[in-house]
Amino acid sequence: MRSGAAARFCSDIVRVFVRWPTLVSYNVAISACEKGGQWKKALFLFRDMIKAKVNIDVVSYSACISACETMGEWQQGLSLFSKMGKYTVKPNVITYSATIGTHRKYGQWQRAVSLFSEMERAKLRPNVFTYTAVISACAKGAEWQRALALLSDMEDASVARCSVGYGSAISACVRGRQWQQAMSLIRMMLEESVAPDVICYEAAMSACRVCARWQQAKVLLSEMRRVLLQVGSESYGIVIGACEESEKE
């Protein structure tokens with residue numbers, strides 16, 4: 001749904017909700033605001049629930065936190081999460097995933113990992129979105145070993161690994177200057193029939209570039225052509241950069 005249409009849909013839902021202000025109608029309206037990118041309206045409805053003394057549940061929180069996370073209002077989202085205990089509402093997988101995603105966006109990898117551990121202690125089963133968010137947070141913090149450990153945990157937890165999760169782990173290898181690990185992850189993807197996309201290949205090539213491994217970067221570029229991925233100027237630039245780095249050594 002395009003943003004304009006989503007916003008109109010959100011407004012329509014809110015108008016309908018005003019006639020029947022129940023927990024269900026509030027949650028439907030807040031969820032509509034989330035999908036329409038209307039975080040201010042979502043927060044308004046959430047606060048209105050409190051004033052109306054409607055019992056807030058985990059769906060209300062999850063939708064509102066997700067709306068804030070999507071629109072970059074991370075402080076609002078974290079504030080909501082921190083107040084869940086006040087209303088004796090326990091976070092669920094969606095709530096945790098959205099909050100971990102918020103920490104990921106703003107480079108707070110320690111807090112993201114802490115929430116992930118808290119989630120496991122609460123006997124909640126992380127899904128692919130949770131894992132992807134925490135792996136990406138670790139990548140931003142150059143915590144490549146944690147990122148790889150979490151990627152490995154996905155298999156143990158029977159959570160299907162996807163190109164986004166792999167791509168985040170490969171990005172962590174770039175920051176950690178681990179070109180061999182990056183190439184190994186590309187191989188793992190192929191073995192698991194998870195098709196590496198341009199982002200994954202370019203991240204692996206970048207790991208080779210920072211370690212001046214131009215031959216390996218060139219091999220990856222050739223693989224991109226072989227699997228018919230669109231090779232653009234960015235890909236060629238990474239290989240050229242790898243060659244330039246090797247000349248400095």
Side-chain angles (χ1 to χ4, degrees), residues 27 30-31 33-35 37-39 42-43 46 56-176 185 189 194 197 199-200 203:
N27 285 344
I30 292 172
S31 295
C33 291
E34 174 207 347
K35 291 177 175 61
Q38 303 292 312
W39 70 271
L43 275 180
F46 185 87
I56 300 169
D57 65 4
V58 69
V59 176
S60 318
Y61 267 106
S62 297
C64 210
I65 291 171
S66 293
C68 293
E69 187 265 338
T70 301
M71 300 309 295
E73 295 296 325
W74 63 277
Q75 290 176 314
Q76 296 282 3
L78 296 182
S79 176
L80 285 168
F81 184 83
S82 68
K83 293 175 181 175
M84 291 185 75
K86 179 180 177 181
Y87 297 97
T88 62
V89 178
K90 292 183 179 180
N92 63 9
V93 174
I94 297 172
T95 320
Y96 271 111
S97 298
T99 308
I100 289 171
T102 299
H103 287 297
R104 168 189 62 81
K105 282 188 175 181
Y106 296 95
Q108 299 166 335
W109 70 267
Q110 297 99 326
R111 185 57 184 151
V113 170
S114 176
L115 278 179
F116 185 84
S117 299
E118 181 182 307
M119 182 179 176
E120 292 186 310
R121 288 194 298 272
K123 307 299 182 184
L124 291 173
R125 187 171 180 266
N127 60 24
V128 65
F129 301 106
T130 321
Y131 272 107
T132 300
V134 72
I135 291 171
S136 181
C138 290
K140 287 196 172 186
E143 292 289 316
W144 66 272
Q145 290 171 309
R146 288 180 187 271
L148 294 185
L150 286 162
L151 189 69
S152 177
D153 287 347
M154 291 181 74
E155 184 177 21
D156 297 335
S158 298
V159 177
R161 294 187 282 210
C162 62
S163 60
V164 178
Y166 267 111
S168 295
I170 295 170
S171 295
C173 293
V174 178
R175 293 175 180 269
L185 289 174
M189 292 182 74
V194 179
D197 55 17
I199 294 173
C200 292

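If you're wondering where the values come from, they're calculated on a predicted model, not measured in any experiment.
Here Arg146 pairs with Glu143 under the side chain to side chain donor-acceptor pair (under 3.5 Å) rule; sequence neighbours left out. The side chain to side chain donor-acceptor pair (under 3.5 Å) check on Thr95 picks up Ser62, Asn92, with sequence neighbours excluded. Residues passing the side-chain contact (heavy atoms from CB on, under 4.5 Å) test with Thr130 are Val93, Ser97, Ile100, Phe116, Met119, Pro126, Asn127, sequence neighbours excluded. Under the rule for a side-chain contact (heavy atoms from CB on, under 4.5 Å), the partners of Lys83 that lie at least two apart in sequence or sit in another chain are Tyr61, Ser79. Here Lys105 pairs with Glu69 under the salt bridge (charged side-chain N to carboxylate O under 4.0 Å, His left out) rule; sequence neighbours left out.
When every heavy atom of Arg175 is checked against every heavy atom of Lys140, the shortest pair comes out as NH1-O, 3.7 Å. When every heavy atom of Ser66 is checked against every heavy atom of Ala98, the shortest pair comes out as OG-CB, 3.6 Å. Scanning all heavy atoms of the two residues, the minimum distance from Pro91 to Tyr96 falls at CB-CE1, 3.6 Å.
Rounded to the nearest 0.5 angstrom, Arg104 CZ and Thr132 OG1 are separated by 9.5 Å. Atoms CD1 and CD1, on Ile94 and Ile65 in that order, are 11.0 Å from each other to the nearest 0.5 Å. Lys90 contributes atom NZ, which lies 14.5 Å from atom CG of Asp57 (distance to the nearest 0.5 angstrom). Going from atom CD1 of Ile56 over to atom CG of Asn27 covers 9.5 Å, rounded to the nearest 0.5 Å. Considering SG of Cys162 and CG of Asp197, their distance stands at 10.0 Å, rounded to 0.5 Å. Atom-to-atom distance recorded for Trp109:CH2 and Ser136:OG is 14.0 Å, nearest 0.5 angstrom.
Residue-environment remark: CZ (Phe46) exceeds the threshold of 12 foreign heavy atoms within 6.0 Å. Residue-environment remark: CD1 (Ile199) stays at or below the threshold of 12 foreign heavy atoms within 6.0 Å.
With contacts defined as side-chain heavy-atom distances shorter than 4.5 Å, the pair Leu80/Leu43 qualifies. Taking 4.5 Å as the limit, some side-chain heavy atom of Arg125 sits within range of a side-chain heavy atom of Val159. The closest side-chain heavy-atom distance from Cys138 to Trp144 is not below 4.5 Å.
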Working for side chain to side chain contact (heavy atoms under 4.5 Å, CB included), residues Val134 and His103: CA-CA 9 Å; Val134 72; His103 287 297; over 6 Å; no
Residues Phe81, Leu115; criterion side chain to side chain contact (heavy atoms under 4.5 Å, CB included); working and verdict: CA-CA 11 Å; Phe81 184 83; Leu115 278 179; 3.6 Å; yes
Audit row: Val128, Met154, side chain to side chain contact (heavy atoms under 4.5 Å, CB included) steps and yes/no: CA-CA 8 Å; Val128 65; Met154 291 181 74; 4.1 Å; yes
For residues 163-170, run the donor-acceptor check on the side chains, cut-off 3.5 Å, and write out each pair with its distance to 0.1 Å, sequence neighbours left out.
from, atom 1, to, atom 2, distance (Å)
Tyr166, OH, Arg161, NE, 3.4
Tyr166, OH, Glu192, OE1, 3.0
Tyr166, OH, Glu192, OE2, 3.0
Ser168, OG, Val164, O, 3.1

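When each of Ile135, Leu185, Asp153 is tested with Leu148 by the rule side chain to side chain contact (heavy atoms under 4.5 Å, CB included), just one qualifies, namely Leu185.
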